[in-house]
There are 2 protein chains.
Amino acid sequence: MKELLYLKDDQLKDLIEKIFVGYRETFSDSKKILDKYSIGLAHQKVIHLLSMYEGISISKLLAKLKVTKQSLNRVLKDLIKLEIIVFKKDEIDTRIKHVFLNEKGKKIFEEIFLLQKKRIYNALLDSSSEEVINFDKVLKKIING
Amino acid sequence: MKELLYLKDDQLKDLIEKIFVGYRETFSDSKKILDKYSIGLAHQKVIHLLSMYEGISISKLLAKLKVTKQSLNRVLKDLIKLEIIVFKKDEIDTRIKHVFLNEKGKKIFEEIFLLQKKRIYNALLDSSSEEVINFDKVLKKIING
DNA sequence: ATTATAGGTAAGTTATATTGACATATTATA
DNA sequence: TATAATATGTCAATATAACTTACCTATAAT
């Protein structure tokens, strides 16, 4: 029988608070740049995913974001107005729309990311590779729980 | 000179996505219970902090949540209507108000927490103590970055 | 006496998301 | 070929959580 300190409620509460704060801080560092382009957190997340998954389809974006179509479309319309995304129909199944950041979009992403990544970069730089690997490992388990 | 894989942009992007998903999942498991009491994520966070820091002052709550007084007060008023929090003036400095969950509040917290903690508990149970310690270590560094 | 701190409130606004209903185009299948 | 399923879009109404700006009281510290 396991009887570990970190499985006790107090430690679990503490971790949950840290997960919240870690998220909030990670996604607030870039606020100034977002303001510069009059966009918000929702736009940042979409841009982030577009930079990771070039040409991702709408339905896959929806699945990753776990928001409704209506919610995503509001954001996409803003990004179209900003002229930073483009669409390409799938050549085989023309129902599917692939979304891409254009050059301007990639530049704006880099501006955002430059600020956002600092916090993570410094934390990892200050950690051993084993610590980093274990951080990733546990985070994955939390996600797939 | 460090030249580590996990300090590369692609890995940082990946981690940032995971931090987002980990937060979202961690705070969505308890949605059914929140609905039962007609409260939301903001209330859950306040209740969580009240269970961790019994008698915390308003200003310290504000500092932990990083929201405005108006925002917090909306939530506190809902919790008063639900009859789950009580206030006590500080005996020395009567400007300070200490906030507590009452018995009903503690019970509701336990209902919420029971659902919320499962994901974290299982992830930790499935990890070695070193992995857990390193997860906590890196998360702390991200927060304090 | 003055200033700072702790907390409260009012009005209006913004950001992000929801539900429900309906529409179109395309592809897959019986 | 008729029908069902999929991918996407849109309208309208609503909810949640936050914001800004401004002003207020009470108490404590200097």
Side-chain angles (χ1 to χ4, degrees), chain A residues 20 23-25 27-28 30-49 55-82 85-100, chain B residues 20 23-25 27-28 30-49 55-82 85-100:
Chain A
F20 159 55
Y23 160 76
R24 185 189 60 202
E25 298 303 310
F27 280 85
S28 63
S30 41
K31 192 167 182 313
K32 276 184 188 172
I33 295 292
L34 298 181
D35 287 348
K36 178 179 161 191
Y37 294 104
S38 300
I39 56 179
L41 187 55
H43 306 81
Q44 173 175 7
K45 283 174 185 169
V46 168
I47 293 170
H48 189 96
L49 291 177
I56 190 173
S57 70
I58 299 290
S59 56
K60 280 183 183 165
L61 253 183
L62 287 173
K64 287 203 177 289
L65 291 165
K66 286 204 187 174
V67 295
T68 58
K69 276 185 299 182
Q70 296 88 326
S71 226
L72 175 58
N73 264 321
R74 177 187 60 88
V75 173
L76 290 179
K77 276 177 186 167
D78 292 339
L79 299 183
I80 291 167
K81 264 189 198 157
L82 246 185
I85 59 172
V86 292
F87 301 105
K88 278 182 201 159
K89 274 196 177 178
D90 188 282
E91 292 188 352
I92 295 163
D93 186 340
T94 61
R95 289 173 305 180
I96 298 168
K97 228 163 92 172
H98 298 284
V99 193
F100 298 84
Chain B
F20 159 55
Y23 160 76
R24 185 189 59 203
E25 298 304 310
F27 280 85
S28 63
S30 41
K31 189 162 185 316
K32 276 183 188 173
I33 297 292
L34 299 182
D35 287 348
K36 177 179 161 191
Y37 295 104
S38 300
I39 55 178
L41 187 56
H43 306 81
Q44 174 175 6
K45 283 174 185 169
V46 169
I47 292 170
H48 189 97
L49 291 177
I56 190 173
S57 69
I58 299 291
S59 57
K60 280 184 183 165
L61 255 183
L62 286 173
K64 286 203 178 291
L65 292 165
K66 287 205 186 173
V67 295
T68 57
K69 275 186 297 182
Q70 295 86 331
S71 229
L72 176 58
N73 264 322
R74 177 187 59 88
V75 173
L76 291 179
K77 276 177 185 167
D78 292 339
L79 300 183
I80 292 167
K81 266 189 196 158
L82 246 187
I85 59 171
V86 292
F87 301 105
K88 277 182 201 160
K89 274 195 177 177
D90 188 282
E91 291 187 352
I92 296 163
D93 186 340
T94 61
R95 291 174 304 180
I96 297 169
K97 228 164 90 173
H98 298 284
V99 193
F100 299 83

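In what follows, chains carry the letters A, B, and so on, assigned in the order in which the sequence lines appear, proteins first and then strands, with residues in each chain numbered from 1.
- B/I92 comes within contact range of the sugar-phosphate backbone alone, with a heavy-atom separation under 4.0 Å but no base atom that close.
- With distances taken from any side-chain atom of A/V67 to the nucleotides C/dA10, C/dT18, D/dT8, the minimum falls on C/dT18.
- Map B/K77 and A/L41 each onto its nearest nucleotide of DNA chain C; the residue landing nearer the 5' end is B/K77.
- Using cut-offs of 30° and 60° on the angle between ring planes, the pair A/Y23 and B/Y23 is parallel.
- Distances from the side chain of B/R95 to the nucleotides D/dT20, C/dG20, C/dA6 place C/dA6 closest.
- For the pair A/E25/B/K66, a side-chain contact is recorded, criterion being any heavy-atom separation below 4.5 Å from C-beta on.
- Looking at heavy-atom distances under 4.0 Å, A/S71 makes contact with a base.
- Residue A/T68 places at least one side-chain N or O closer than 4.0 Å to OP1 or OP2 of C/dT18.
- Take the nearest nucleotide of DNA chain D for B/D78 and for A/S59: the residue whose nucleotide is more 5' is A/S59.
- Distance CG (B/L72) to C1' (D/dC19): 14 Å, rounded to an integer number of Å.
- The CG-C1' distance, from B/N73 to D/dT25, rounds to 14 Å in whole Å.
- Regarding A/F27, its CZ atom lies at a distance of 18 Å from the C1' atom of D/dA18, rounded to whole Å.
- The side chain of A/T94 sits closest to C/dT27 out of C/dT27, C/dT9, C/dT18.
- A heavy-atom distance below 4.5 Å is not found between the side chains of B/V67 and B/V75.
- For B/H43, no side-chain nitrogen or oxygen approaches OP1 or OP2 of D/dT16 to under 4.0 Å.
- Ranked by how close their nearest DNA chain C nucleotide is to the 5' end, B/K60 and A/K66 are led by B/K60.
- Comparing D/dA18, C/dA6, D/dA12 by their closest approach to the side chain of B/A42 singles out D/dA18.
- Looking only at side-chain heavy atoms (C-beta outward), A/D90 and A/H98 come within less than 4.5 Å of each other.
- Taking the side chain of B/D93 as heavy atoms from C-beta on, and the options D/dT27, C/dT9, C/dT27, the nearest nucleotide is D/dT27.
- A/Q70 contributes no side-chain N or O that forms a donor-acceptor pair with the base of C/dT18 under 3.5 Å.
- Residue contacts shown for A/H98 are absent, as no nucleic acid heavy atom lies under 4.0 Å away.
- Per the geometry, NZ belonging to B/K69 stands 18 Å off C1' belonging to D/dA17, to the nearest Å.
- Of the candidate nucleotides D/dA18, C/dG7, C/dT16, D/dA18 has the atom nearest to the side chain of B/R74.
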